[in-house]
Every structure is written in structure tokens, then in C-alpha cells.
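Residue indices begin at 1 and follow the sequence shown. Below, all heavy atoms of this structure are taken into account, side chains as well, without hydrogens, waters or symmetry copies.
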Amino acid sequence: MKKKKTMKQKIVFYVMSVSISLGILLTITMIVNSFVSTSSILSDNLQTMAKTSSQNISSNLHLLTDRMANLALESELLEDSLNTGKKQEILDERKTRIEFVWLAVYDLEGQKLYGDDLAPDSITDKKYYTYLTNTSNISIGEPYYSDNVWQLSVGAPLSREGECFAYLIGSYKYDLLNDVLSNINIGINGSAYIINEEGTIIADKDLTNMEKHPNVYELYGSKKNNAIFDAMIHFQTGSEIMNLQHKKHYVAYSPVAGTNWALIIDAPRSDFMKSLVISVILCILLASALLVAARFFTALAAEKISDSLSLSTKRLTALAEGNLKDEVILAQTEDEAEILTNALSKTINNIDSYIDNLKTSLGYLSEGDYSQDIPNTFIGDFAAIKEALTSITESLNHTMHQINDASAAVNQNSSEVSGYAKRLYDGSVEQSSALDRLDKSIHIITQKIRLINESATQVKLYTSGAEDRISQGKQQMDSMLGTMNNIYSNMQEIIKISQLIDDISSQTSLLALNASIEAARAGESGRGFAIVAQQIGVLADQTADALKQTGDIILQANLSIDEGLATAKATAESFQEINKTTDEFKGISSQIEQIATEQQNTVGLVSKEIRTVLDIAHTNQQLAAEADKTAAHSLLQSQELEQVVASVKLKEEL
């Protein structure tokens with residue numbers, strides 16, 4: 001048997017269940033809210049940082065382009081009268097002042113005219129050369145590695161009287177751009193890099209990555225990622241959570257003004273979630289500690305409540321077992337438990353008093369004293385007990401008075417019953433004689449009905465035989481009708497075929513006539529064909545004659561089949577009428593047999609009932625004899641009953 005939980009266990013269970021449920025719900029809410037808030041805040045911050053960083057990069061690049069623009073406006077470089085050596089000196093002086101890696105001038109075909117020895121002889125393979133030729137404006141080249149240093153080239157057109165005649169190209173160290181990328185620190189493993197319009201990474205704070213020239217479409221290609229990369233290279237700004245190499249990353253991007261580049265800042269999600277997870281774990285541990293403390297204090301409170309109620313519980317258990325004598329220990333808790341024990345003590349005292357009163361009242365009744373009054377000490381719903389005892393006493397008093405009156409009446413009636421019993425005996429003898437005569441008559445009627453039943457059975461047997469023969473004839477007639485219908489259907493098909501052959505014969509005859517006409521037109525060459533056409537016509541006429549004779553025969557056969565089919569149908573209908581009449585005669589025979597059987601059964605039941613009544617009459621005859629003896633004995637018992645009632649103490653009836 002399963003052990004029941006105590007009140008203390010129930011209180012602890014319900015309180016802890018609610019506490020744990022609330023703790024789990026609040027923890028889950030906090031975790032979800034923390035992750036959502038963190039993701040939203042990081043995405044917004046990264047987007048802002050990407051915008052700011054791209055503006056810084058753009059400002060630095062503008063600084064480089066401004067320097068090149070100012071240098072391209074110097075008159076010495078634009079003067080056609082100055083020789084190349086003088087211009088080379090100017091470039092050398094500007095190189096030391098602005099700290100170029102190299103500085104050179106190229107013609108419109110991209111070949112070097114003069115400049116630093118480190119400058120390449122041709123720039124036709126550089127992207128910025130294409131931009132210069134297409135726009136005739138300042139252009140910035142992508143970072144590249146040369147002469148053991150990463151460089152960034154800027155080109156500006158040299159114009160005289162509004163017409164470009166050469167290109168001034170200066171190469172800066174990559175450090176200026178790398179400083180901005182290096183100052184972008186997001187998380188432990190965060191990175192910042194720049195891609196061109198093809199998605200190739202052209203700038204990274206980690207220089208080793210730049211040597212590989214990776215493409216973001218190849219590194220992190222997927223349908224969703226490619227759509228985001230397309231937005232980057234189309235000069236859009238935004239932030240997303242992307243799956244890069246099977247890890248979630250926060251990614252923000254922004255275009256670099258004045259270039260075809262886009263700045264990308266990404267940070268692994270795990271860098272920011274570690275601290276969040278640690279915070280969540282600490283919250284869970286703190287909640288667990290609070291739940292343990294709540295369990296301890298709840299158990300203490302439950303124990304106090306349980307101890308207060310245990311006094312009442314033990315006494316109620318004893319009361320349920322019939323113990324009314326032990327005193328109730330009163331709780332001194334000044335709460336519901338104290339009220340409960342006081343009420344329990346009062347209840348037990350009242351019940352004990354009621355039981356004593358019941359014992360006294362029932363003792364009087366058991367001694368035959370119905371004159372005592374019931375004590376008026378019952379209160380509340382227990383007053384019903386007093387009313388019940390009073391009702392019982394009054395009912396017994398009334399009953400005993402009625403018995404007293406009845407005993408005198410029984411004494412008087414007993415003598416009258418004796419006379420009636422004698423008359424009953426005489427009537428029973430006469431009834432028995434009449435029933436014997438009726439039983440003999442019923443026996444004769446039963447024999448006659450049996451003969452009628454046997455005759456009806458014979459008629460039914462003859463009718464069944466006739467019905468079988470008629471059914472066989474009907475089946476054969478139905479078969480013949482089916483055969484006649486098939487013959488009729490086949491004859492209709494033959495008629496259709498004959499008509500078809502007749503049509504063919506007519507067409508053949510017409511064809512022979514046409515052939516004769518055509519042969520006559522052909523003259524001597526068509527004579528042989530005319531003979532063939534003549535024979536075909538003869539054959540068509542013979543076929544028509546044969547078909548006419550066949551048609552007459554088929555028509556006569558069809559009429560005969562129609563007459564036979566009508567006769568067969570009439571015969572089948574006659575068989576159906578005979579079969580119907582036979583069924584009706586068979587039903588009448590069955591009804592006669594059933595009526596005879598029912599009459600026989602009814603007469604049998606009547607005979608059985610007469611025998612039963614005869615037995616009852618004989619029994620009544622014997623009972624009538626015993627009735628006189630019983631009446632005398634009843635008279636004696638009524639006298640004894642009168643003496644018993646006289647010994648009982650009764651109240652006077654109002």
C-alpha cells in the first residue's frame with residue numbers, strides 16, 4: 001500500500017514546486033532577454049563602429065589624395081620648358097618631405113617618364129591606371145606588397161590648360177591604413193578588413209592574411225552570406241549575424257567613401273556569450289541557493305503547522321475508533337489549531353452525553369416501559385435524535401393500543417371463520433365433480449383437433465410437390481425465353497448485315513456503270529475494261545437478287561420468331577400465374593395447419609389449467625377442514641396476546 005504524504009511533506013512539496021517553477025521561468029526569461037538584448041546591442045554598436053571606422057579610413061585616404069592633388073598643381077611639374085632632371089629633383093625633394101615610398105610621373109600610355117628608381121617602369125597592369133584613364137581624376141590603388149613593404153598608391157592627373165598630359169603616381173606606406181584597422185578591437189578574436197568590388201580582401205590588420213588575397217565569397221560562401229556580401233560591395237551599410245566557417249559571427253559593414261571598397265568588422269559570437277553564460281550560471285547558482293534556503297524555512301514553518309494539527313489528528317483517529325473517554329489535549333498556538341482542538345473537545349463531550357441519554361432511553365424501551373419521556377439535552381443537528389426517539393416511543397404506544405383492540409376483534413372473528421370454513425368445504429366438493437366432467441369433454445375435443453391437424457399437413461405436402469414441378473416448368477420456360485431472345489438478337493444482326501451487303505451491291509452496280517461509261521470513252525483501249533465492268537454489273541445484279549430472296553426468308557423467319565417469342569412470353573406468364581396461385585394455396589394450407597396447431601395447443605393449455613383448478617379445489621377442500629382447527633387456535637392466541645399487551649406500560653392516547 002502506498003504511504004500517504006504528511007501535511008508537512010505536502011506543504012513543502014507545493015511551496016517548493018511553485019518556487020522552482022517561478023525560478024525556472026524567471027531564469028529562462030532572463031536568459032532569453034539577455035541573449036536577445038546582447039545581440040541587438042552588439043549589432044547596433046558594430047554598425048556604428050563600422051560607420052565611424054570607414055569615415056576615419058576615408059579621412060586618411062583623403063589626406064593622401066589631398067597631398068597628391070597639391071603636388072599635381074605645382075607649376076614646375078606642369079611647365080613644359082623644364083627638363084626632366086629638374087623635375088626629378090622636385091620629386092625627390094617632395095618625397096623626403098612627405099615620406100613617399102616612391103614618386104614618379106607616367107605618360108598617358110602608363111610608361112614611366114621620370115621618378116624614383118623604386119617606381120615600376122609601367123603601371124598599365126594596375127587598377128588605378130584604369131581609373132585614371134577613365135575618369136581623369138585622382139584614384140587610389142589597392143594595397144600591394146613590394147620591396148619588402150606594403151604600399152598604397154595614389155594617382156593624380158597632370159593637366160595643362162585643362163588637358164591631361166601625364167599621371168603623377170605616389171606610393172605611401174600601408175601603415176597609415178593599417179593603424180586604423182589595428183585600432184578596431186572587438187572581442188578577443190574580432191577582426192576588421194576591407195574588400196574591393198569583387199569581394200577580395202585587400203586590407204587587414206593581420207598582414208599575413210593579405211598575402212593570400214582571399215575572397216569572402218570563396219571563404220564564407222552560402223546563399224544567405226552571398227546576399228549580404230552583395231549588399232556590402234554595393235555600398236550599403238548594415239549589421240547581420242552570419243555563419244562564418246560554421247560559427248556565428250556579428251558582422252557590420254560600411255562603404256569607404258571615395259573608393260570602391262567596403263569595411264567589414266566581424267567578431268565571433270562566442271567571445272561575447274562567454275561572459276553572458278557565466279552570468280547566467282551565477283544567477284542559476286544564486287537561485288538554487290535561494291531555493292535551498294526557502295526549502296529550509298518552509299520545512300520549519302510546515303513542521304510548526306504539522307505539530308499543531310497532529311494533536312487534533314490523533315484525537316480524531318481515536319474518536320473514529322470509538323474512543324470517547326480520553327481527553328483532548330488543547331493546543332496553545334492562538335490560531336486555527338487552538339480553535340480546532342477546543343471545538344473537538346466540546347464535540348466529544350456532547351457526543352458522550354448523547355450516547356448516555358440514548359442508553360437510558362433504549363433501556364426503558366427494552367424493559368417494556370413506553371411511558372418515559374426523552375431528555376431534552378440534544379442541540380443542533382443532534383436534536384433529530386431526540387425527535388426520532390420520541391417518534392419511535394409514540395409509534396410503539398400507538399401500535400400497542402391497536403394490538404390490544406385487534407386482539408378482541410380477532411377473538412370475535414375466529415368463531416365466524418369456523419362457520420365459513422364448513423361452507424367452503426361443501427362448495428369445494430361440488431366444484432371438484434364439475435371439473436372432472438369438464439376434463440373429459442376437453443379430452444374428446446383434443447382428439448378431433450389432432451385429426452384436423454394431420455389432414456392439413458397432408459394438404460401442405462401435396463401443395464409443396466406441385467410447387468416444385470411448377471418451379472421447374474417456369475425455369476425451363478425462362479431458359480427458352482432467353483434462347484428466343486438470343487435468336488431474335490442474332491436475326492437483327494443478320495438483317496443489318498444483309499442491308500450492308502445490299503448497299504455494297506448497289507454501290508458495285510453503280511461502279512460497274514461508271515466503269516462502262518469510262519471504257520466507252522476510252523474507245524478501243526478500254527474494251528477489255530468494259531467487259532470486266534459488264535461482268536461486275538452482272539455479279540452485282542445476281543447479288544441483289546440473292547439478297548432479295550435472303551431478305552424474304554429472313555423476314556419470314558423474323559415474323560416466326562416474333563410469334564414464337566410472344567407465345568413463349570404468354571406461356572411464361574401463365575406459369576407465373578399458376579405459381580402465384582400455388583403459393584396462395586400453400587399459404588392457406590399453412591394457415592389451416594397453424595390454426596389447428598394453435599387450437600390444439602390452446603385446448604392443451606385449457607386442459608392443463610382445468611387439472612390445475614381441480615387440484616386447487618381438492619386442496620381447498622383440505623384447507624377448509626384445517627381452517628376450522630386454525631380458527632380455534634387463533635382464538636386461544638388472541639387471548640394470550642391480550643394478556644401480553646396488558647403487561648406493557650403505556651401512555652394515555654390523546
Side-chain angles (χ1 to χ4, degrees), residues 54 57-80 82 84 86-88 90-95 97-147 149-177 194-203 210 213 233-235 255-263:
S54 65
I57 293 173
S58 178
S59 298
N60 290 338
L61 293 177
H62 277 297
L63 178 62
L64 301 180
T65 56
D66 288 343
R67 290 176 179 175
M68 289 298 297
N70 293 331
L71 186 58
L73 294 176
E74 292 192 7
S75 57
E76 290 85 351
L77 297 178
L78 300 177
E79 288 292 337
D80 189 32
L82 291 178
T84 303
K86 183 61 176 176
K87 293 180 179 180
Q88 179 66 50
I90 295 173
L91 292 181
D92 291 339
E93 190 273 332
R94 298 295 186 272
K95 174 186 173 184
R97 185 196 306 174
I98 305 178
E99 298 182 354
F100 286 101
V101 177
W102 56 264
L103 193 61
V105 174
Y106 294 84
D107 60 17
L108 297 180
E109 284 72 28
Q111 303 302 319
K112 185 169 69 172
L113 296 176
Y114 55 89
D116 196 280
D117 295 337
L118 296 177
D121 295 331
S122 174
I123 59 172
T124 55
D125 59 341
K126 306 298 182 182
K127 279 188 178 182
Y128 58 80
Y129 172 71
T130 304
Y131 298 150
L132 285 171
T133 57
N134 291 334
T135 64
S136 296
N137 203 347
I138 298 176
S139 299
I140 302 174
E142 296 176 358
Y144 66 96
Y145 188 75
S146 179
D147 298 323
V149 65
W150 280 95
Q151 304 176 34
L152 183 66
S153 299
V154 178
L158 295 176
S159 299
R160 185 185 302 117
E161 296 180 357
E163 184 177 353
C164 178
F165 65 91
Y167 300 118
L168 175 64
I169 308 298
S171 182
Y172 296 92
K173 289 184 178 181
Y174 172 72
D175 295 345
L176 186 64
L177 187 60
I194 298 174
I195 61 172
N196 61 12
E197 68 275 13
E198 298 171 355
T200 302
I201 297 176
I202 59 173
M210 295 176 59
H213 296 288
I233 63 178
H234 285 87
F235 310 110
V256 178
T259 66
N260 292 331
W261 305 342
L263 172 65

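Heavy-atom minimum distance, Leu78 versus Leu73: CD1-O, 4.1 Å. Heavy atoms only, all atoms of each residue included: Ser58 and Ala257 are closest at OG-O, 3.1 Å. In this structure, Ala156 and Ile138 approach most closely via the heavy-atom pair CB-CG1, 3.9 Å. Between Ile123 and Pro120, the closest heavy-atom pair is CG2-CG, 4.3 Å. Ile202 and Met210 get closest at one heavy-atom pair: O-CE, 3.1 Å. What you find for Gly170 and Met68 is that their closest heavy atoms are N-CE, 3.4 Å.
By the 4.5 Å heavy-atom criterion applied to side chains, Tyr167 and Leu108 are counted as neighbours. At least one side-chain heavy atom of Ile140 sits under 4.5 Å from a side-chain heavy atom of Leu152.
Taking NZ from Lys86 and CG from Leu77, the interatomic distance works out to 11.0 Å, rounded to the nearest 0.5 Å. One distance of note links CZ of Phe165 with CG of Asp80; it measures 7.5 Å at 0.5 Å rounding. Expressed to the nearest 0.5 Å, how far CG of Asn260 lies from OG of Ser139 amounts to 9.5 Å. Note: Thr130 OG1 to Asp125 CG = 9.0 Å, rounded to the nearest 0.5 Å. To the nearest 0.5 Å, atom CD1 of residue Ile194 and atom OG1 of residue Thr200 are 13.5 Å apart. To the nearest 0.5 Å, atom CG of residue Leu118 and atom CG of residue Leu103 are 11.5 Å apart.
Residues forming a salt bridge (Lys or Arg N to Asp or Glu O under 4.0 Å) with Lys87 (at least two apart in sequence, or on another chain): none. Scanning for side chain to side chain donor-acceptor pair (under 3.5 Å) contacts around Gln111 gives Ser122, with sequence neighbours left out. Looking at residues two or more places apart in sequence or on another chain, you find no salt bridge (Lys or Arg N to Asp or Glu O under 4.0 Å) involving Arg67. Residues passing the salt bridge (Lys or Arg N to Asp or Glu O under 4.0 Å) test with Asp121, sequence neighbours excluded: Lys112. A search for salt bridge (Lys or Arg N to Asp or Glu O under 4.0 Å) contacts involving Glu93 returns Arg97, not counting sequence neighbours.
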Residues Asp147, Val101; criterion side-chain contact (heavy atoms from CB on, under 4.5 Å); working and verdict: CA-CA 10 Å; Asp147 298 323; Val101 177; 5.6 Å; no

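Considering Trp102, Tyr172, Tyr174 as possible partners of Gln151, the one that fulfils the side chain to side chain donor-acceptor pair (under 3.5 Å) test is Trp102. Residue Glu142 is tested with Lys126, His213, Lys127 for a side chain to side chain donor-acceptor pair (under 3.5 Å); the sole match is Lys127. Among the candidates Thr124, Leu168, Ile169, Leu113, the single residue satisfying the side-chain contact (heavy atoms from CB on, under 4.5 Å) test with Tyr106 is Ile169.
Among pairs with a residue in residues 111-145, those fulfilling ring-ring contact (aromatic ring centres under 6.0 Å, His included) read Tyr145-Trp150, at least two apart in sequence or across chains.
A salt bridge links Glu74 with Arg94: at least one charged nitrogen is closer than 4.0 Å to a carboxylate oxygen.
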